[in-house]
Number of protein chains: 2
Amino acid sequence: MRVGELAKRSGVPVPTIKYYLREGLLPAGVLTSPNQAHYDDEHLRRLRLVRALVDVGGLSIASVREVLAAIDTRDESLHNKLGAVQEAISQPSPVELDPLAIKDVQDFFARHGQTECVDVTESNVTHMLAAALSSARSVGHDSIKELLDPYLEGLKIIARADLDYVAQHRSPDDVIEAMVVGTLIGDTVLKAVRRLAHAQVSAEVLGDVPAPGRAD
Amino acid sequence: MRVGELAKRSGVPVPTIKYYLREGLLPAGVLTSPNQAHYDDEHLRRLRLVRALVDVGGLSIASVREVLAAIDTRDESLHNKLGAVQEAISQPSPVELDPLAIKDVQDFFARHGQTECVDVTESNVTHMLAAALSSARSVGHDSIKELLDPYLEGLKIIARADLDYVAQHRSPDDVIEAMVVGTLIGDTVLKAVRRLAHAQVSAEVLGDVPAPGRAD
DNA sequence: CCTGAATGGATAGCGGCACTCTCTACTATC
DNA sequence: GATAGTAGAGAGTGCCGCTATCCATTCAGG
């Protein structure tokens, strides 16, 4: 197919597709003449993935490029690849880290037998966690660290489901893509369902009546 | 204190503080003369909250304004206020909704006894969920909907912890703020911990050795 | 009381990002 | 041969979150 049809089938405007091509988010089509190229279903699939990462995952174009690079790398173990993708989809926030928050993260790791991680800034993921706790501290909510353990408890169930989902896929490429999609879209799903759970819980506890003094 | 000290104590540059004042994210200080105003700890607290929402929550200035407005509204029930905050911190994505994904969301609600919600686009939260599932469908991962139930399972534990955390706070204002901080910073914490859980699980299953054929 | 730094208030400018427009030279199609 | 579409590339756009500049005023130190 040519770019026009790719645009029609994906819902992405032609100029945007050209932009993605320039930015390296989409491999070039096969040139049949100096100004004619041919795109296949793989391009369509990739284009939809890019849109999913941008629209739902909220990734920047640069991050998408990193993620795709990690997906496309062929000479690494699956585990390393997953790690690279994790890093790419977890951009650090510009918050400066509070040493006490770093301590909280280290304690958390220690509590769960992970004694390796000494330098929190080493990984985007741990940096993200430390940044979140730092921010919480700065607004006087340092006790939010008490949530870490129950969160882990709930996340064990969730991570198991994620794993089962990813395990459905056969080829390593599909596994990686499932991981990316599952993680990023999963984040959004989690966010939404958590809010629904909050709403339900708050309705139960607070009800429509303003009676906060009830013993539960 | 004056703006210079506010800047020093918060780490936010003076011009940025002025910008926030203009944008209504920060109430004006008490004028003691035509060009002298006095700011108190409440301003500092609010300023830190704004930074937390922007840096960790990733909210736009406009969303922050909405959240603060919801926090500051005085004439609504706590439950309504929480709902307003939820909406404000859940911006809809520009994805167009797949009817099948909408059906998935409705089925999910039906499975859990929530029969009220007919129109998914009514709330930003349900819209977010439907958008995420739509995107998943578009990249060929429609079976991600199977994750909804296990996610809810894990999130029940998490939401309970959230509720306990919020319940520690006395005044309604503190409850609202705890809800905002707990939800937004909690999102980031959840994201990070989930990634750590993934990494751990993938290390266990895949190990450093490329032996995918092991029976678990 | 004088001087230099800081302040409130307002307007304009900047840098980054994700496109979007425009143009040229060409080609497929009717 | 007219028309529509295409590759490729550079410039332009719109928004967002600041940042710079300016002015009249005022505070703080000597």
Side-chain angles (χ1 to χ4, degrees), chain A residues 1-40 43-44 47-68 88 91-95, chain B residues 1-40 43-44 47-68 88 91-95:
Chain A
M1 84 190 90
R2 291 183 303 171
V3 78
E5 197 183 340
L6 188 59
K8 207 177 298 172
R9 286 225 254 161
S10 63
V12 179
V14 172
T16 304
I17 293 177
K18 286 186 170 188
Y19 168 67
Y20 289 166
L21 286 166
R22 257 176 290 158
E23 292 297 318
L25 305 189
L26 213 52
V30 182
L31 278 177
T32 58
S33 8
N35 68 332
Q36 293 289 300
H38 176 253
Y39 305 91
D40 57 17
H43 286 96
L44 181 57
L47 183 52
R48 284 182 172 147
L49 178 60
V50 168
R51 293 311 295 214
L53 297 182
V54 168
D55 289 339
V56 179
L59 296 193
S60 66
I61 297 300
S63 299
V64 171
R65 192 166 29 225
E66 278 182 65
V67 171
L68 297 179
Q91 310 103 313
S93 75
V95 174
Chain B
M1 86 190 87
R2 292 182 302 171
V3 79
E5 198 183 340
L6 187 60
K8 207 175 298 172
R9 286 224 255 163
S10 64
V12 179
V14 173
T16 304
I17 293 176
K18 285 184 171 187
Y19 168 66
Y20 289 166
L21 286 166
R22 256 176 291 153
E23 293 295 321
L25 304 189
L26 213 52
V30 183
L31 278 178
T32 58
S33 8
N35 67 333
Q36 291 292 296
H38 175 253
Y39 304 91
D40 57 18
H43 286 95
L44 181 57
L47 182 52
R48 285 184 171 145
L49 178 60
V50 168
R51 292 312 293 216
L53 296 181
V54 168
D55 289 339
V56 178
L59 297 193
S60 67
I61 297 299
S63 299
V64 171
R65 194 168 24 230
E66 278 181 66
V67 171
L68 296 178
Q91 309 104 309
S93 73
V95 175

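What you are looking at is a predicted structure, and each value in this text was computed from that prediction instead of being measured. To find a chain, count down the sequence lines: A is the first, B the second, and so on, and within it residues start at 1.
At whole-Å resolution of the value, CD1 in Ile17(B) and P in dA6(C) are 15 Å apart. The interatomic distance linking Met1(A) (CE) with dT6(D) (P) rounds to 12 Å, in whole Å. Atom P of nucleotide dG8(C) and atom NE2 of His43(B) are separated by 11 Å, given to the nearest angstrom. Atom CD of Gln91(B) is separated from atom P of dC16(D) by 12 Å (rounded to the nearest Å). Atoms CG (Asn35(A)) and P (dT6(D)) sit 10 Å apart, rounded to a whole Å. Remark: C1' of dG5(D) and OH of Tyr39(A) are 12 Å apart, rounded to the nearest angstrom. Atoms NZ (Lys8(B)) and C1' (dT7(C)) sit 14 Å apart, rounded to a whole Å. Rounded to an integer number of Å, the gap from CD of Glu5(B) to C1' of dA5(C) is 16 Å.
A heavy-atom distance below 4.0 Å to DNA chain D is reached by these residues of residues 19-31 of chain B, ordered by number: Tyr19(B), Tyr20(B), Arg22(B).
Along DNA chain C, the nucleotide nearest to Thr16(A) and the one nearest to Lys18(B) differ in position, and the one closer to the 5' end is contacted by Lys18(B). In terms of position along DNA chain C, the nucleotide closest to Pro15(A) lies nearer the 5' end than the nucleotide closest to the other residue of the pair Gln36(A) and Pro15(A).
Smallest separation of non-hydrogen atoms from Leu44(B) and Arg9(B): CD2-NH1, 3.9 Å. In this structure, Ser63(B) and Gln91(B) approach most closely via the heavy-atom pair OG-NE2, 3.1 Å. His43(A) and His38(A) get closest at one heavy-atom pair: CE1-O, 4.5 Å.
The residue from Val64(B), Leu59(B), Leu49(B) that alone fulfils the side-chain contact (heavy atoms from CB on, under 4.5 Å) condition with Val54(B) is Val64(B).
Distance from the side chain of Val3(A) is smallest to dT6(D) among dG17(D), dT6(D), dC19(C). For Arg2(A), the listed nucleotide lying nearest its side chain is dA28(C); candidates were dA28(C), dA28(D), dT26(D). Out of dG8(C), dC19(C), dT27(C), the shortest distance to the side chain of Ala37(B) is found at dG8(C).
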Which side-chain N or O atoms in residues 12-31 of chain B pair as donor and acceptor under 3.5 Å with protein atoms at least two apart or in another chain?
{"from": "Tyr20(B)", "atom 1": "OH", "to": "Arg51(B)", "atom 2": "NH1", "distance (Å)": "3.0"}
{"from": "Glu23(B)", "atom 1": "OE1", "to": "Arg65(B)", "atom 2": "NH1", "distance (Å)": "3.2"}

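For Asp55(B) (side chain) and Gly58(B) (main-chain N/O), no donor-acceptor pair under 3.5 Å exists by modelled atom type.
One finds no side-chain N or O of Ser33(B) lying less than 4.0 angstrom from the OP1 or OP2 phosphate oxygen of dT7(C).
A distance of 12.0 Å separates CE of Met1(B) from NZ of Lys8(B), quoted to the nearest 0.5 Å.
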